[in-house]
Amino acid sequence: LLKSNLKKNNKVYQFVGSYNGLEDKLNFKKIYDNNSYLKKNIFSINKTKFYYDNGISFDFNKEDLVFNIYQNEPYARSYFKNGKLENIKINFFGYSKNKVNKSKLFEIDTIDENGITGCLSLINLKVENIIIRSSDSDCEDSINFINTKGHIKMININNSKYDALDIDFSKIKVDNTIINNAKNDCIDLSSGNYEFNIINISNCEDKGISVGEKSSAKFNSVKILNTNIGISSKDSSKIMVDFLEFQDGKICIEAKRKKQEFSGSISYFKNYNCNGFAIKKFPGSFINNS
């Protein structure tokens, strides 16, 4: 459903928000009834649950509010779910590459049995003034926010095997974002409302910032280096950028329609420096870069 490819009884379903009757209509079991979900280890921080695989270890300093997470096996996952996280620093340390048994990598899916794509996910949460860091992630997303609201002081992600930061169905404001080395997108935003103050990203092999699926996003200051596509807006999304500097890539800005169930996108750029790199507007989309 989240990937927009659910079809049942010749009806195609597109998720655009919460709908209480969907479970009954599709006869899905709740995630709490899923045995794979119950296999997760659980640790509680007040009313928030921290779920983690056997390949994850962690330590929590209650006085300094520092939560360190260690990935001891490839693709091991962890996630915070429900409740509120406030004034906490979360550090995710990925599995060391030189310890990976390459013969086993193809036996492990990048998405777990509960559909979780992030090595570290934050689900159904309220967040306030948190700092979150990740390094050496090997999951489809290094950090994934799902249905989360609030304020994040800083996000810092290094060395992602796929996407670095993925945010879905959320309403989030981020003060400072630093991302370096992602084999796919550095920032992927879908179906939500987002505001980023300062962004510094580099070495994204696909897109620096991707905004899609009817999202609204505001970016105050963005610097993107050595990245294939700087900012990509698509699929009924609207973005506003106060300042953009793009260097060493192929496409600085693009606006397009990717999925047939959406229209094009609208992009406003107040100040920008593409250093001669391309700006591409596809039919049905609009870029105001005057």
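- Between the side chain of Gln71 and the backbone N or O of Tyr95, at least one donor-acceptor pair lies under 3.5 Å.
- Connection of Leu225 to Ile229 is not established within any shared hydrophobic cluster, with ILVMFWY side chains joined at heavy-atom distances below 4.5 Å, either directly or through further cluster members.
- Sorted by first then second residue, the ring pair (Phe, Tyr, Trp, His ring centres under 6.0 Å) pairs that include residues 122-146, not counting sequence neighbours, number zero.
- Taken from CD1 in Ile179 to CD1 in Ile143, the straight-line distance is 8.0 Å, to the nearest 0.5 Å.
- Closest approach of Cys119 to Asp138, counting heavy atoms only: SG-OD1, 3.5 Å.
- Using a 30° and 60° split on the angle between ring planes, Phe269 and Tyr272 fall in the perpendicular class, above 60°.
- For the side-chain contact (heavy atoms from CB on, under 4.5 Å) test, residues two or more places apart in sequence or in another chain that qualify with Asp64 are Asn61, Val66.
- At a threshold of 4.0 Å, the pair Glu86-Lys84 counts as salt-bridged, since one of the basic side-chain nitrogens sits closer than that to a carboxylate oxygen.
- Closest non-hydrogen pair, Ala164 versus Ser142, comes out as O-CB, 3.1 Å.
- The two residues Leu85 and Leu125 have their closest heavy-atom pair at CD1-CD1, 4.1 Å.
- Within the 3.5 Å criterion, the main-chain N or O of Asn158 finds no donor-acceptor partner in the side chain of Asn181.
- Screening residues 144-242 for disulfide (SG to SG under 2.5 Å) gives Cys186-Cys204 as the qualifying pairs, with residues at least two apart or on separate chains.
- The shortest side-chain heavy-atom distance between Ile132 and Val127 does not fall under the 4.5 Å cut-off.
- The aromatic ring centroids of Tyr52 and Phe50 lie less than 6.0 Å from each other.
- Through side-chain heavy atoms spaced under 4.5 Å, either directly or across other Ile, Leu, Val, Met, Phe, Trp or Tyr residues, Phe243 is tied to no other residue.
- The other residues sharing a hydrophobic cluster with Phe286 are Met240, Ile266, Tyr268, where clustering joins ILVMFWY side chains under 4.5 Å apart.
- Judged purely by atom type and a 3.5 angstrom limit, Asn144 uses its side chain to pair as donor or acceptor with the backbone of Asp166.
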Inset, instruction - Apply the test side chain to side chain donor-acceptor pair (under 3.5 Å) to residues Asn91 and Asn68: give CA-CA distance (whole Å), side-chain angles for both, the deciding distance (0.1 Å), then the verdict. - result: CA-CA 5 Å; Asn91 301 308; Asn68 294 319; 2.9 Å; yes
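- In this structure, the separation between CG on Leu165 and CD1 on Ile199 is 9.0 Å, given to the nearest 0.5 Å.
- One distance of note links CG of Asp168 with OG of Ser121; it measures 9.5 Å at 0.5 Å rounding.
- Within the structure, the ring pair (Phe, Tyr, Trp, His ring centres under 6.0 Å) test picks out the following pairs touching residues 207-234 (sequence neighbours left out): Phe196-Phe219.
- Side-chain contact check for Lys281 versus Ile253: every heavy-atom pair is 4.5 Å or farther apart.
- Looking at every heavy atom in both residues, Ile152 comes nearest to Ile130 through CG2-O, 3.4 Å.
- In terms of modelled atom types and a separation under 3.5 Å, the side chain of Ser237 and the main chain of Ser215 share a donor-acceptor contact.
- Taking hydrophobic clusters as Ile, Leu, Val, Met, Phe, Trp and Tyr residues chained together by side-chain heavy-atom distances below 4.5 Å, Ile45 shares a cluster with Ile56.
- Panel note: side chain Ser170, backbone Asn147; a donor-acceptor pair is recorded below 3.5 Å.
- Formation of a donor-acceptor pair under 3.5 Å by the Arg77 side chain with backbone atoms of Ile116 is found in this model.
- Under the 4.0 Å criterion applied to side-chain N and carboxylate O atoms, Glu254 and Lys207 are not assigned as salt-bridge partners.
- A salt bridge does not link Lys214 to Asp235: none of the charged nitrogens lies less than 4.0 Å from a carboxylate oxygen.
- For the 3.5 Å distance criterion, the side chains of Ser210 and Lys234 qualify, holding a donor opposite an acceptor.
- Judged by distance alone, with hydrogens and angles left aside, the side-chain atoms of Ser216 form no donor-acceptor pair with the main-chain N or O of Asn193 at under 3.5 Å.
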Inset, instruction - Test ring-ring contact (aromatic ring centres under 6.0 Å, His included) on Phe80 and Phe67 and set out the steps. - result: CA-CA 11 Å; Phe80 296 92; Phe67 200 106; 5.2 Å; yes
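- Counting all heavy atoms, side chain and backbone alike, Leu189 lies closest to Ala217 at CD1-CB, 4.3 Å.
- One distance of note links OG1 of Thr148 with NZ of Lys171; it measures 13.5 Å at 0.5 Å rounding.
- Once rounded to the nearest 0.5 Å, the distance linking CZ of Phe262 with OG of Ser236 reads 6.0 Å.
- Atom NZ in Lys89 sits 7.0 Å away from atom CZ in Arg133 (nearest 0.5 Å).
- Between the side chains of Asp136 and Asn159, at least one donor N or O lies within less than 3.5 Å of an accepting N or O.
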